[in-house]
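Everything on this sheet refers to the single structure shown next.
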Amino acid sequence: MNAEPFSMSEATARLGRIAILWRGDAAARRSVTPETSRFKAVFAALSDAGVDAEPVVYEDDVLDAVRAKLARLDGVLVWVNPIHEGRNRASLDALLRELAGHGVWVSAHPDVILKMGTKEVLHRTRTMSWGCDTALYRTAEAMRAELPARLAAGPRVIKRNRGNGGQGVWKVETLGPPRDRPMVRVLDATKDAPEELALDGFLERCAEYFEDGCVIDQPFQARLSEGVVRCYMAGNRCAGFGHQKVKALVEAPGARAVAGPRLYSPNTDPRFQRLRGLMENEWTPQLASLLDIPRRDLPMIWDADFMLGSPGADGTDSYVLGEINASSVFPIPDEAPAEIARRVAERLRSTPEAAINKQ
């Protein structure tokens, strides 16, 4: 599972010109340099791998200028959240599709994000061994009709299809009678304390989520308080791990007290070698096949968040997928930039038109 050797001759040959794009205001555009950006390690790794990269700070009001700049390059690595301070990616995604149609390599392509970077992927891959009893609601009426029966079996986690930072994620459990007005206890993943309200009231809160196409419903994982493991991937190879004891959706005071920041480690971390093997050899190929994503189109950096499921008969832990992030994966383990650079270089070598830089 070790990355293939990378020779010095390969590192010094210039392979192409790409941009690293993220969202920012006019002040950020005026002051940005590769060395002062949060992606400085990625810029440095790309340079070492023979890839010339430049920063592009995006906002909708400079779309035309960004279009002109990117059209001259071989590719662009995009780090933009689906939702940020009330803004979405609609204009940016249209631009990226346009550029890709004219031969600019885009990672992650908006269509790939729609396949693997939204919560719907949890339903589409529910039959894989990382899956669980996952339901999908296309309409508010379907959710109203089907959710009560699922709540009767235990707590559920409701997730809007597109979001980040826990936005639109809820733990929901029924409080039982009165039967004429069912009550639920809900905990917003971005909040510290739960609240009790009528089920109808909660369903009204979720109504706007259907603008994203669907709502996902999973069983609450009882071992969530033991932590979440984030597996970072560069294409189809593991680039490192992050382990975190979380507060989101955790109510027990003791478990919340030990929650802390995500702790990063390389892809050689002995604690997660079984997970690495599953991701590289089983799950990523299955994911790509199920979603019809060619291996070369997998994002240069993406991650999968796993909770611990029930142990198997031999005591081995199982993993339950909670989310895939493909829009804006950052921060990342210290070892990830080199893995990203290897995959970018590999992609540029395999693309004939990248050998002749756009003028």
Side-chain angles (χ1 to χ4, degrees), residues 3-4 15-22 39 42 45-46 49 51 53 56 58 70-71 73-82 89-90 92-125 128 130 161-162 213 231-239 278-305 321 323-330 332 336-355 358:
E4 62 271 16
L15 299 171
R17 298 158 59 220
I18 71 167
I20 295 179
L21 181 149
W22 66 95
F39 301 105
V42 181
L46 288 167
V51 179
V56 174
Y58 173 85
L70 296 183
L73 302 179
D74 299 306
V76 54
L77 304 183
V78 182
W79 265 276
V80 177
N81 278 321
R89 286 183 44 140
L92 174 61
D93 286 348
L95 170 62
L96 295 174
R97 289 188 177 98
E98 173 191 334
L99 291 165
H102 288 89
V104 178
W105 167 54
V106 176
S107 184
H109 191 287
D111 293 343
V112 172
I113 293 174
L114 287 177
K115 289 181 178 182
M116 65 182 288
T118 64
K119 305 301 189 300
E120 187 171 351
V121 72
L122 300 173
H123 185 259
R124 295 187 66 183
T125 64
M128 289 172 50
W130 71 20
N161 194 32
R162 302 203 73 175
C231 183
Y232 292 88
M233 301 292 292
N236 64 342
R237 309 297 292 182
C238 176
L278 286 167
M279 280 296 292
E280 291 187 340
N281 303 322
E282 179 180 334
W283 288 338
T284 299
Q286 288 178 0
L287 173 74
S289 177
L290 276 171
L291 303 184
D292 191 24
I293 300 174
R295 183 184 73 85
R296 63 188 272 112
D297 290 342
L298 288 167
M300 286 298 102
I301 187 68
W302 59 283
D303 70 54
D305 284 348
L321 180 67
E323 183 177 37
I324 288 178
N325 301 292
S327 299
S328 184
V329 179
F330 201 84
I332 53 180
E339 196 68 40
I340 294 169
R342 289 187 186 98
R343 300 305 147 204
V344 172
E346 177 185 83
R347 174 62 189 253
L348 291 175
R349 286 193 202 96
S350 69
T351 306
E353 60 269 24
K358 295 179 174 62

| query | For the residue pair Trp79 and Phe330, does the interplanar ring angle fall in the parallel (under 30°), tilted (30 to 60°) or perpendicular (over 60°) class? | reply | perpendicular
| Atom CD of Gln286 and atom CG of Leu278: how far apart are they, to the nearest 0.5 Å? | 9.5 Å
| remark: In terms of heavy-atom contacts, Ala49 and Leu15 come closest through O-CD1, 3.5 Å
| request: List the steps, then state whether side-chain contact (heavy atoms from CB on, under 4.5 Å) holds for Ser328 with Val80. | output: CA-CA 5 Å; Ser328 184; Val80 177; 5.6 Å; no
| query | Do Leu122 and Glu323 have side chains that get closer than 4.5 Å, going by heavy atoms? | reply | no
| said: So Val76 and Trp105, do their side chains get closer than 4.5 Å, heavy atoms only? | reply: no
| field | Non-hydrogen atoms of Pro337 and Ala45 that approach each other most closely | value | O-CB, 3.5 Å
| query | What distance do Phe39 atom CZ and Ile332 atom CD1 have between them, rounded to the nearest 0.5 Å? | reply | 8.0 Å
| For the atom pair CD (Glu98) and CG (Leu70), what is the distance rounded to the nearest 0.5 Å? | 10.5 Å
| said: Can a donor-acceptor pair be found, under 3.5 Å and without considering hydrogens, that links the side chain of Lys115 to the backbone of Asp292? | reply: yes
| Counting N and O atoms only, with roles assigned by atom type, does the side chain of Trp22 sit under 3.5 Å from a partner on the main chain of Val78, one being a donor and the other an acceptor? | no
| message | Under the criterion side-chain contact (heavy atoms from CB on, under 4.5 Å), I'd like the reasoning laid out for Trp130 against Thr125: C-alpha separation, chi angles, the key distance, then a yes or no. | response | CA-CA 8 Å; Trp130 71 20; Thr125 64; 2.9 Å; yes
| request: For the pair Arg347 and Asp297, evaluate salt bridge (charged side-chain N to carboxylate O under 4.0 Å, His left out) and give the outcome as yes or no after the intermediate values. | output: CA-CA 9 Å; Arg347 174 62 189 253; Asp297 290 342; 3.4 Å; yes
| query | Taking it one step at a time, do Met279 and Cys231 satisfy side-chain contact (heavy atoms from CB on, under 4.5 Å)? | reply | CA-CA 8 Å; Met279 280 296 292; Cys231 183; 3.7 Å; yes
| request: Report the C-alpha separation of Leu21 and Leu92 in whole Å, then their side-chain angles, then the decisive distance to 0.1 Å, and conclude whether the side-chain contact (heavy atoms from CB on, under 4.5 Å) test is met. | output: CA-CA 11 Å; Leu21 181 149; Leu92 174 61; 4.3 Å; yes
| query | Quick one: CD on Glu346 to CZ on Arg237, what's the gap to the nearest 0.5 Å? | reply | 9.5 Å
| task | Apply the test salt bridge (charged side-chain N to carboxylate O under 4.0 Å, His left out) to residues Glu339 and Arg343: give CA-CA distance (whole Å), side-chain angles for both, the deciding distance (0.1 Å), then the verdict. | result | CA-CA 6 Å; Glu339 196 68 40; Arg343 300 305 147 204; 2.7 Å; yes
| Do the side chains of Pro299 and Met116 get nearer than 4.5 Å, heavy atoms only? | yes
| field | Polar side-chain atom of Asp74 near backbone of Arg17 as donor-acceptor pair, under 3.5 Å | value | yes
| task | Would you indicate whether the side-chain heavy atoms of Val56 and Ile20 approach each other to under 4.5 Å? | result | no
| Student check: side-chain heavy atoms of Leu321 and Ile324 closer than 4.5 Å | yes
| query | Are Ile113 and Arg162 close enough that some pair of their side-chain heavy atoms sits under 4.5 Å apart? | reply | yes
| message | As an exercise, state the distance from CZ of Arg295 to CD1 of Ile293, rounded to the nearest 0.5 Å. | response | 13.5 Å
| Sidechain-backbone polar pair: Asn161 side chain, Glu120 backbone, donor-acceptor under 3.5 Å | yes
| remark: On a heavy-atom basis, the closest approach of Leu73 and Ala19 is CD1-CB, 3.6 Å
| Out of curiosity, Arg124 CZ to Leu287 CG, how far, rounded to the nearest 0.5 Å? | 9.5 Å
| message | What I'd like to find out is whether the side chain of Ile18 reaches to under 4.5 Å of the side chain of Val344, using heavy atoms alone. | response | yes
| query | What is the minimum heavy-atom distance between Asn281 and Pro285, and which atoms define it? | reply | O-CG, 3.8 Å
| query | So, do Met233 and Thr284 sit near enough that their side-chain heavy atoms are less than 4.5 Å apart? | reply | yes
